[in-house]
> 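Quick one: the structure is below, questions incoming.
Both backbone and side-chain heavy atoms feed into the values below; hydrogens, waters and symmetry mates do not. Since we're looking at a predicted model, the values are computed, not measured.
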Amino acid sequence: MNKPESAATSNFIRNIIDDDLAANKNDGRIVTRFPPEPNGYLHIGHAKSICLNFGIAAQYNGKCNLRFDDTNPVKENEEFVKAIKDDVTWLGFEWDGLKHASDYFNELYNFAVELIKQGNAYVDSSTAEEVREMRGTLKEPGKPSPYRDRSVEENLDLFARMKAGEFDDGAHILRAKIDMASGNINMRDPTLYRIRKVHHVRTGNDWSIYPMYDYTHCVSDAMENITHSLCTLEFEDHRPLYDWVLDELKTPAHPQQIEFARLMLEYTILSKRKLIQLVEEDYVKGWDDPRMPTITGMRRRGFTPAAIRDFCERIGVTKNDSWIEMAVLETCIREDLNEHSHRRMAVLEPIKVVITDLPDGYTETLSFANHPQKEDFGRRDIVFSKEIWIDKDDFSENPPPKYQRLVPGGEVRLRGSYVIKCEEVIKSDAGDIIELRCTHDANTLGKKPEGRKVKGVIHWVSASAGVQAQVRVYDRLFNQPNPGSADSLEAELNPESMVVHKTCYVEAALSEAQAEERFQFERLGYFVADRYDHTSEMPVFNRTVSLRDTWAR
RNA sequence: UGGGCCGUCGCCAAGCGGUUAAGGCACCGGGUUUUGAUCCCGGCAUUCGGAGGUUCGAAUCCUCCCGGCCCAGCCA
């Protein structure tokens with residue numbers, strides 16, 4: 001029943017792995033890891049990394065760990081840890097090991113002592129500002145710190161006392177002794193440890209020093225026997241340091257770091273800083289706002305895990321800085337939802353239609369297929385009645401060319417029901433349309449009208465049997481393909497990114513919808529019952545994506 | 001000449017010295033259709049950032065040039 005996900009096309013990482021396997025490197029083992037810092041919510045960019053790491057493990061019969069890179073306790077918390085686990089699970093992946101960088105704090109410390117003994121690390125007592133000044137610039141080499149040649153004994157003593165909590169934050173750091181003149185600034189005696197007298201969610205107050213990313217990541221990878229450590233392009237310059245640490249420490253495993261390009265998606269923002277700004281300055285209603293590119297936001301929007309996985313496969317993995325068009329993501333979600341969603345009818349902006357040639361109180365029960373191509377999806381009943389609702393967009397007194405809907409004096413097919421003809425338009429004193437008075441052709445139920453063609457088909461909901469609902473229509477959050485390039489996010493926001501329709505009418509079957517259940521509202525798009533706000537008393541639906549529309553409006 | 005990386009169709013992306021330069025998205029036709037949806041069928045790079053060179057043969061190798069991205073946290 002489930003359509004198999006598209007076959008994996010080759011990419012440079014798979015090629016590297018194929019070569020490694022052919023050479024029997026690592027005895028043919030493949031171990032990857034997804035290593036988020038628990039300081040925020042995961043977004044579609046992380047999904048690319050998750051699909052890559054877990055996908056490769058699955059494809060090559062390997063393993064993939066989920067590892068929390070929790071080396072900076074001032075920015076991290078449990079809320080994010082839980083959210084990240086939920087998101088990875090929801091996306092459909094199971095981690096082999098659940099790890100934390102903090103699991104290795106003891107080993108990391110002992111390795112650092114080893115580096116000091118080797119003469120490869122020293123305690124620098126310069127201020128942060130002095131360190132920065134001595135580092136040099138992109139074009140000029142750095143200068144050695146006056147503390148660079150401290151004795152091993154002194155370094156050992158100072159480092160032990162840093163650990164013991166004898167010093168205040170910032171008093172000392174532990175640095176690798178590499179090359180202050182390196183063209184690669186990461187090699188100019190990078191910081192290994194800094195003093196941070198703060199509580200850590202997992203290690204409590206055990207530590208007053210915490211290891212830096214560059215030192216921690218490579219060692220953690222080695223501890224877990226990771227074979228291929230996949231990260232994004234900005235870490236390319238860090239690879240020499242990654243390799244230096246593992247080489248000097250002579251760790252039994254030396255994973256290979258491979259870098260790939262971050263995802264850039266048009267009309268949205270993936271920068272953590274800007275995402276935080278959207279939430280904190282109330283441009284959206286939280287991390288799970290359906291307009292957010294977060295996993296939790298996309299979930300609430302109605303996206304499916306399979307569609308997101310398909311998207312990540314389709315965009316590929318390269319080292320090119322490339323912008324993906326939103327149409328790619330939309331196509332993925334439409335394909336999945338078209339395949340799996342039951343059809344329903346819903347009217348978002350109702351106009352009353354009275355079928356004048358039907359007796360008062362007339363009703364008739366009609367049977368509708370839940371899917372036009374899939375009989376096994378079953379059928380449901382829909383009540384047709386003398387008074388019905390149709391959508392405002394489906395009637396026009398001044399129709400544009402090629403308009404195929406209802407016009408004064410014109411005919412249109414009510415989906416699954418009769419052909420009606422608009423005989424009269426009733427307006428208020430203010431000129432607003434209050435109702436349409438129509439007649440119907442009783443000989444058109446399940447048949448084409450005789451002697452004429454009626455091309456248009458519109459959806460409708462019975463005024464007597466329909467159910468009231470709220471429908472939130474979402475659109476892209478920004479009106480610029482590359483938002484964030486301007487100074488102010490606000491200027492680029494799409495003012496119509498969320499339009500709430502409070503008085504909608506939906507067919508009765510929809511009152512049984514479960515939260516997160518997805519449907520196609522015929523002719524409108526794909527919708528999901530809101531994960532949090534939907535109830536059978538007051539149904540609430542979010543538009544996931546519109547239907548493809550080739551009719552130029 | 002700070003260091004590192006990247007340039008194949010509008011957007012992605014295969015390609016790894018000999019292929020008619022895959023495929024997807026988008027777009028443009030045409031057919032089916034009681035969703036202007038879906039589905040089907042067809043079209044869409046004589047050319048791979050540019051210029052030289054090597055070779056019987058180059059998107060693939062070499063040289064130079066042009067354009068773009070990343071790096072100066074005691075963040076990750």
> Between the base of B:U34 and the side chain of A:Arg413, is there a donor-acceptor distance below 3.5 Å?
yes
> Between B:C74 atom C1' and A:Asp214 atom CG, what is the distance in whole Å?
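After rounding, the reported distance stands at 13 Å.
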> If you count heavy atoms of other groups shown closer than 6.0 angstrom to NZ of A:Lys197, is the number above 12?
yes
> Of the nucleotides B:G36, B:U34, B:A14, which one has an atom closest to the side chain of A:Lys448?
B:U34
> When we call it a touch if two heavy atoms are under 4.0 Å apart, what does A:Ser126 touch: a base, just sugar-phosphate, or nothing?
base
> What is the nucleic acid contact for A:Met212, judged by heavy atoms within less than 4.0 Å: base, sugar-phosphate only, or nothing?
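Sugar-phosphate contact only - A:Met212 comes under 4.0 Å of backbone atoms but never of a base.
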> Report the distance from atom CG of A:Asp393 to atom P of B:A37, rounded to the nearest whole Å.
16 Å
> Take atom NZ in A:Lys421; do more than 12 heavy atoms of anything else shown fall under 6.0 Å from it?
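At most 12 heavy atoms, drawn from other residues, nucleotides or ligands, come within 6.0 Å of this atom.
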> Is A:Thr71 near enough to B:A76 that one of its side-chain N or O atoms lies under 4.0 angstrom from OP1 or OP2?
yes
> Take A:Tyr193 and A:Arg415, find for each the nucleotide of RNA chain B with the closest heavy atom, and name the residue whose nucleotide sits nearer the 5' end.
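It is A:Arg415, whose closest nucleotide lies nearer the 5' terminus.
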> Below 4.0 angstrom from OP1 or OP2 of B:C75, is there any side-chain N or O of A:Arg196?
yes
> Between the base of B:U35 and the side chain of A:Gln520, is there any donor-acceptor pair under 3.5 Å?
yes
> Could you tell me whether A:Phe311 contacts a base, only the sugar-phosphate backbone, or nothing, with contacts defined as non-hydrogen atoms closer than 4.0 Å?
nothing
> Look at the side-chain N and O atoms of A:Thr127 and state whether any lies under 4.0 Å from the OP1 or OP2 oxygen of B:C74.
no
> Write down the atom of A:Ala101, the atom of A:Thr71, and the distance for their closest heavy-atom approach.
CB-CG2, 3.9 Å
> Among B:U35, B:C25, B:C74, which is the nearest nucleotide to the side chain of A:Arg135?
B:C74
> With a 4.0 Å limit, can you tell me whether A:Arg188 has a side-chain N or O closer than that to the phosphate oxygens OP1/OP2 of B:G73?
no
> Between B:A22 and B:G43, how many Å separate the two P atoms, rounded to a whole number?
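About 12 Å, rounded to a whole number of Å.
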> Is any side-chain heavy atom of A:Ile458 closer than 4.5 Å to a side-chain heavy atom of A:Asp391?
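A:Ile458 vs A:Asp391: side chains apart.
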> Across the strands shown, which category fits A:Ala327 at heavy-atom distances under 4.0 angstrom: base, sugar-phosphate, nothing?
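It contacts sugar-phosphate atoms only.
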> Any ion pair linking A:Glu224 and A:Lys99 (charged N to carboxylate O, less than 4.0 Å)?
no
> Contact class for A:Gly446 (heavy atom, under 4.0 Å): base, sugar-phosphate, or nothing?
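Base, at least one base atom sits under 4.0 Å.
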> Is A:Arg314 paired with A:Glu335 through a side-chain N to carboxylate O contact shorter than 4.0 Å?
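Here A:Glu335 pairs with A:Arg314 in a salt bridge, since their nearest N and O are under 4.0 Å apart.
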> Listing time: all N or O pairs from protein to nucleotides 30-32 of chain B that are below 3.5 Å?
none

> Can you build the contact string for nucleotides 6-12 of chain B? Use B for base contact, S for sugar-phosphate-only contact, and - for no protein heavy atom under 4.0 Å.
SS--BSS
> Knowing that exactly one of A:Tyr122, A:Tyr210, A:Phe105, A:Phe159 qualifies, which makes a ring-ring contact (aromatic ring centres under 6.0 Å, His included) with A:Tyr193?
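The residue from A:Tyr122, A:Tyr210, A:Phe105, A:Phe159 that satisfies ring-ring contact (aromatic ring centres under 6.0 Å, His included) with A:Tyr193 turns out to be A:Phe159.
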> Do the side chains of A:Arg67 and A:Asp103 get close enough for a salt bridge, i.e. N-O under 4.0 angstrom?
no
> Take A:Pro401 and A:Arg132, find for each the nucleotide of RNA chain B with the closest heavy atom, and name the residue whose nucleotide sits nearer the 5' end.
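Its nearest nucleotide being more 5', the pick is A:Pro401.
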> Base, sugar-phosphate, or nothing for A:Asn72, non-hydrogen atoms under 4.0 angstrom?
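Touches sugar-phosphate only.
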> Can you check the A:Ile209 CD1 to B:C75 C1' distance for me, whole Å?
18 Å
> If the glycosidic angle is within 90 degrees of 0 it's syn, otherwise anti, so just tell me which one B:G49 is.
anti
> Check step by step if side chain to side chain contact (heavy atoms under 4.5 Å, CB included) holds for A:Asn370 and A:Arg344.
CA-CA 7 Å; A:Asn370 285 327; A:Arg344 293 290 184 268; 3.0 Å; yes
> For the side chain of A:Lys75, counting heavy atoms from C-beta on, which of B:A26, B:C75, B:G36 is nearest?
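Looking only at heavy atoms from C-beta outward on A:Lys75, the closest nucleotide is B:C75.
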> Regarding A:Leu192, tell me which of base, sugar-phosphate or nothing describes its non-hydrogen contacts under 4.0 Å with the strands shown.
nothing
> For a quick check of understanding: with a heavy-atom distance under 4.0 Å over all strands, which category does A:Val317 fall into, base, sugar-phosphate or nothing?
sugar-phosphate
> At under 4.0 Å, does any side-chain N or O of A:Arg548 touch on OP1 or OP2 of B:C27?
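Checking A:Arg548 against B:C27: at least one side-chain N or O falls below 4.0 Å of OP1 or OP2.
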> Between B:G15 and A:Ser10, is there an OP1 or OP2 to side-chain N/O distance shorter than 4.0 Å?
yes
> Which one, B:C71, B:G2, B:G36, comes nearest to the side chain of A:Lys139?
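Ranking B:C71, B:G2, B:G36 by closest atom to the A:Lys139 side chain puts B:G2 first.
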> A:Trp551 stacking on B:G36: centroids under 5.5 Å, ring planes under 30°?
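The base of B:G36 is stacked with A:Trp551 (centres under 5.5 Å, planes under 30°).
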> So, A:Thr232 versus A:Glu234: side-chain donor-acceptor pair below 3.5 Å or not?
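A:Glu234 and A:Thr232 do have a side-chain donor-acceptor pair below 3.5 Å.
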> Quick check: any donor-acceptor pair below 3.5 Å linking the side-chain of A:Arg194 to the base of B:G73?
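By the distance-only test, no, there is no pair.
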> If you check the A:Asn15 side chain, which of B:C25, B:U35, B:G15 turns out closest?
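Output: B:G15.
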> Going by atom types alone, do A:Ser182 and A:Asn184 pair a side-chain donor with an acceptor below 3.5 Å?
no
> According to the Watson-Crick and G-U wobble definitions, with both distances under 3.5 Å, which nucleotide is paired to B:U63?
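Answer to the pairing question: B:A51, which forms a Watson-Crick or G-U pair with B:U63.
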> Please report, rounded to the nearest Å, how far the C1' atom of B:U33 is from the NZ atom of A:Lys447.
20 Å
> Distance check, P atoms only: B:A72 and B:U19, in whole angstrom units.
46 Å
> Taking atom P of B:A76 as reference, at what distance in whole Å does atom CG of A:Asn39 sit?
10 Å
> Under 4.0 Å between a side-chain N or O of A:Thr444 and OP1 or OP2 of B:U34?
no
> Would you call A:Arg452 and A:Asp441 a salt bridge, using N to O less than 4.0 angstrom?
yes
> Closer than 4.0 angstrom, basic N to acidic O: yes or no for A:Arg188 and A:Glu140?
no
> Select base, sugar-phosphate, or nothing to describe what A:Phe235 touches, counting heavy atoms under 4.0 Å on all strands.
base
> List the steps and the verdict of ring pair (Phe, Tyr, Trp, His ring centres under 6.0 Å) for A:Tyr213 and A:His217.
CA-CA 6 Å; A:Tyr213 164 85; A:His217 206 87; 4.9 Å; yes
> With a 3.5 Å limit on both atom pairs, tell me what B:A26 is paired to, counting Watson-Crick and G-U wobble, or say none.
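Paired with B:A26, as far as the under-3.5 Å criterion goes, is no nucleotide at all.
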> Please state how far atom CG in A:Leu329 lies from atom C1' in B:G24, giving the value in whole angstrom units.
14 Å
> Nearest to the side chain of A:Gln404, which nucleotide is it out of B:G36, B:A76, B:C16?
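Of B:G36, B:A76, B:C16, B:G36 is nearest to the side chain of A:Gln404.
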> Output the rounded distance in Å from CG (A:Leu230) to P (B:A76).
20 Å
> Considering Watson-Crick and G-U wobble pairs with both distances under 3.5 Å, what does B:G2 pair with?
B:C71
> Who does B:U32 pair with, Watson-Crick or G-U, both distances under 3.5 Å?
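Pairing partner: none.
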> From OH of A:Tyr213 over to C1' of B:C71, roughly how many Å is that when rounded to an integer?
14 Å
> Check this for me: does the side-chain of A:Arg334 come within 3.5 Å of the base of B:U38 through a donor and an acceptor?
no
